[in-house]
Chemist: 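My structure is below; once you've seen it, I'll send some questions.
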Amino acid sequence: MKKQVQEEKVRINKYLAMCGIASRRAADQLVLEGKVSVNGHIADEPGFRVDPRNDEVVVDGRLLAKPEGKKVYILFNKPRNVITTSHDERDRQQILDFIDVPERVFPVGRLDRKSTGLLLLTNDGTLAHRLMHPSSQVQKEYLASLDAKFPPAMLQKLTGGMRLKDTGEKVSPCRAKILDDGMSVLVSIHEGKNHQVRRMFSTLGFEVKRLDRVAYAGLTPGELRRGEWRFLSRNEVEKLYRLCGGH
């Protein structure tokens with residue numbers, strides 16, 4: 001009986017990932033920093049195991065809801081000036097203000113407040129973290145509208161892999177296409193550094209006036225207008241799992 005109970009428990013980092021709190025690596029750091037408690041006691045060892053059905057887990061003072069049994073997958077077309085986080089001290093409009101489902105879903109990655117376009121939301125922590133893991137190399141396509149015409153001669157600098165001027169970080173090679181007006185560039189990347197597309201253009205001396213994510217992991221807006229959302233089909237979910245090496 002004791003062995004059966006032990007098998008039902010999971011490591012604390014896996015449980016936090018199941019709840020959509022953080023990747024397993026980031027969850028380990030939360031544990032080491034003493035920010036996680038289980039049944040009123042600090043869990044300060046990454047190998048700590050919890051019972052998902054019965055244990056009460058608190059992160060940074062917030063009691064976590066149990067992982068939902070029903071998996072939900074939502075595609076949302078984010079408007080400008082809507083923030084991706086689920087809590088905001090300044091009471092700004094958030095993506096969950098638009099989505100009315102009983103399940104507790106969270107965004108896979110982020111878009112900054114000024115950016116628009118596609119976001120995937122789910123309560124499937126396994127798929128979310130696989131999609132965000134660098135090894136999956138999930139393609140994200142952006143339409144960047146610039147403050148000046150982008151010269152074709154600079155395209156190689158944009159796509160060849162550059163060092164960002166603000167931090168010196170190296171970004172991987174990407175794909176890009178200059179559109180007819182010359183002031184719009186379609187960029188496809190598989191990394192997810194903070195404000196990456198804006199910083200890439202800034203490194204080359206351009207300001208991104210508008211940024212729209214027009215594709216994510218092969219998903220496109222279709223008939224979704226700004227502020228609208230839809231559930232993914234079973235076939236779309238299966239494709240996402242195959243894309244990031246799952247099944």
Side-chain angles (χ1 to χ4, degrees), residues 6-39 41-53 55-68 71-74 83-87 95-96 103-112 118-140 161 163-164 166-174 189-197 199-200 213 216-217 237 240-247:
Q6 179 67 18
E7 288 176 349
E8 291 175 349
K9 291 189 173 184
V10 298
R11 287 173 64 96
I12 186 66
N13 62 355
K14 180 178 180 180
Y15 182 76
L16 295 184
M18 289 165 58
C19 292
I21 297 301
S23 67
R24 294 194 189 189
R25 180 178 298 178
D28 283 339
Q29 188 61 36
L30 290 172
V31 170
L32 291 173
E33 291 173 358
K35 295 181 178 180
V36 182
S37 66
V38 179
N39 299 328
H41 300 283
I42 296 296
D44 55 3
E45 292 290 336
F48 192 91
R49 301 180 74 86
V50 300
D51 182 345
R53 296 177 304 174
D55 287 344
E56 289 192 346
V57 180
V58 174
V59 178
D60 264 349
R62 179 165 64 94
L63 177 65
L64 301 188
K66 305 297 182 186
E68 301 289 347
K71 295 293 188 289
V72 177
Y73 308 87
I74 292 170
I83 64 172
T84 307
T85 55
S86 56
H87 300 282
I95 54 174
L96 295 183
E103 295 80 11
R104 188 178 66 87
V105 296
F106 54 90
V108 180
R110 293 186 177 185
L111 283 176
D112 64 57
L118 293 184
L119 269 172
L120 180 65
L121 295 98
T122 185
N123 58 353
D124 185 343
T126 299
L127 178 60
H129 293 301
R130 285 181 181 176
L131 288 171
M132 289 188 289
H133 196 279
S135 65
S136 296
Q137 297 197 357
V138 172
Q139 292 294 321
K140 299 169 279 281
R163 289 198 178 275
L164 302 175
D166 52 0
T167 63
E169 289 178 276
K170 184 76 160 43
V171 297
S172 299
C174 65
I189 64 174
H190 64 78
E191 294 176 298
K193 291 182 171 59
N194 194 33
H195 302 297
Q196 181 172 333
V197 174
R199 293 165 65 201
M200 288 169 64
R213 185 190 282 171
Y216 178 85
V237 174
L240 289 177
Y241 261 102
R242 289 197 297 269
L243 181 66
C244 57
H247 56 274

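Computed from heavy atoms alone, side chains included, the values below leave out hydrogens, waters and symmetry copies. For reference, positions follow the sequence shown, starting with 1.
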Chemist: What is the distance from atom OG1 of T126 to atom NZ of K14, rounded to the nearest 0.5 Å?
Modeler: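 Between T126 OG1 and K14 NZ, I get 7.0 Å after rounding to 0.5 Å.
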Chemist: Decide yes or no for T122 and L127: does some side-chain heavy atom of the first lie under 4.5 Å from some side-chain heavy atom of the second?
Modeler: no
Chemist: Under the side-chain hydrogen bond (donor to acceptor under 3.5 Å, both in side chains) rule, collect the residues that match up with N13, sequence neighbours excluded.
Modeler: D28
Chemist: How about L119 and R213: do any of their side-chain heavy atoms sit closer than 4.5 Å?
Modeler: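 They are in contact (side-chain heavy atoms under 4.5 Å apart), so the answer is yes.
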Chemist: With a 4.5 Å limit on heavy-atom distance, are the side chains of V108 and L121 in contact?
Modeler: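 The answer is no; the side chains never approach within 4.5 Å.
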Chemist: Where do V36 and I42 land on the side-chain contact (heavy atoms from CB on, under 4.5 Å) test, with the steps shown first?
Modeler: CA-CA 6 Å; V36 182; I42 296 296; over 6 Å; no
Chemist: Taking side-chain hydrogen bond (donor to acceptor under 3.5 Å, both in side chains) as the definition, give me every residue that meets it alongside R11, ordered by chain and number, with sequence neighbours left out.
Modeler: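 If we apply the side-chain hydrogen bond (donor to acceptor under 3.5 Å, both in side chains) test to R11, skipping adjacent residues, there are no hits.
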Chemist: So L16 and V57, do their side chains get closer than 4.5 Å, heavy atoms only?
Modeler: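 Heavy-atom side-chain distance check passes, below 4.5 Å.
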Chemist: Quick one: does any side-chain atom of R110 pair with a main-chain N or O of T84 as donor and acceptor, under 3.5 Å?
Modeler: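 No; judged by distance alone, with no hydrogens or angles, the pair does not exist.
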Chemist: Is any side-chain heavy atom of F48 closer than 4.5 Å to one of V38?
Modeler: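 Side chain of V38 against side chain of F48, heavy atoms only: contact under 4.5 Å found.
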Chemist: Using modelled atom types only, decide if a donor and an acceptor are shared between the side chain of S136 and the backbone of R130 within a distance under 3.5 Å.
Modeler: yes
Chemist: Considering only heavy atoms from C-beta outward, does the side chain of L164 approach that of M200 to under 4.5 Å?
Modeler: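 Sidechains of M200 and L164: in contact.
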Chemist: Are any of the side-chain heavy atoms of Y241 and D124 separated by less than 4.5 Å?
Modeler: yes
Chemist: Under the side-chain hydrogen bond (donor to acceptor under 3.5 Å, both in side chains) test, which residues partner E191, sequence neighbours left out?
Modeler: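 Once residues adjacent in sequence are excluded, the partners of E191 under the side-chain hydrogen bond (donor to acceptor under 3.5 Å, both in side chains) criterion are S172, K193, Q196.
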Chemist: So N123 and K71, side-chain contact (heavy atoms from CB on, under 4.5 Å) or not? Walk me through it.
Modeler: CA-CA 6 Å; N123 58 353; K71 295 293 188 289; 3.8 Å; yes
Chemist: Keeping the roles fixed (side chain from D44, backbone from L32), state whether a donor-acceptor pair exists under 3.5 Å.
Modeler: no
Chemist: Atom CG of D55 and atom CZ of R49: how far apart are they, to the nearest 0.5 Å?
Modeler: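 If we round to the nearest 0.5 Å, D55:CG and R49:CZ are 12.0 Å apart.
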Chemist: Could you go step by step and tell me if V105 and L96 meet the side-chain contact (heavy atoms from CB on, under 4.5 Å) rule?
Modeler: CA-CA 8 Å; V105 296; L96 295 183; 4.0 Å; yes
Chemist: Taking atom CD of Q139 and atom CD1 of I189, what is their separation to the nearest 0.5 Å?
Modeler: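 CD1 of I189 is found 8.5 Å from CD of Q139.
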Chemist: Would you give the length of the straight line joining atom NE2 of H195 to atom CG of L111, rounded to the nearest 0.5 angstrom?
Modeler: 10.5 Å
Chemist: Please tell me if the side chains of L120 and L240 come closer than 4.5 Å, counting only heavy atoms from C-beta onward.
Modeler: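 Side-chain contact under 4.5 Å: yes.
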Chemist: If only atom types and distance count, is the side chain of D60 paired as donor or acceptor with the main-chain N or O of K35 below 3.5 Å?
Modeler: no
Chemist: Taking all heavy atoms of F106 and all of A128, pick out the closest pair and write down the distance.
Modeler: CE1-CB, 3.7 Å
Chemist: Do R199 side-chain atoms and N194 backbone N/O form a donor-acceptor pair below 3.5 Å?
Modeler: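 Yes, because the side chain of R199 sits within donor-acceptor range (under 3.5 Å) of the backbone of N194.
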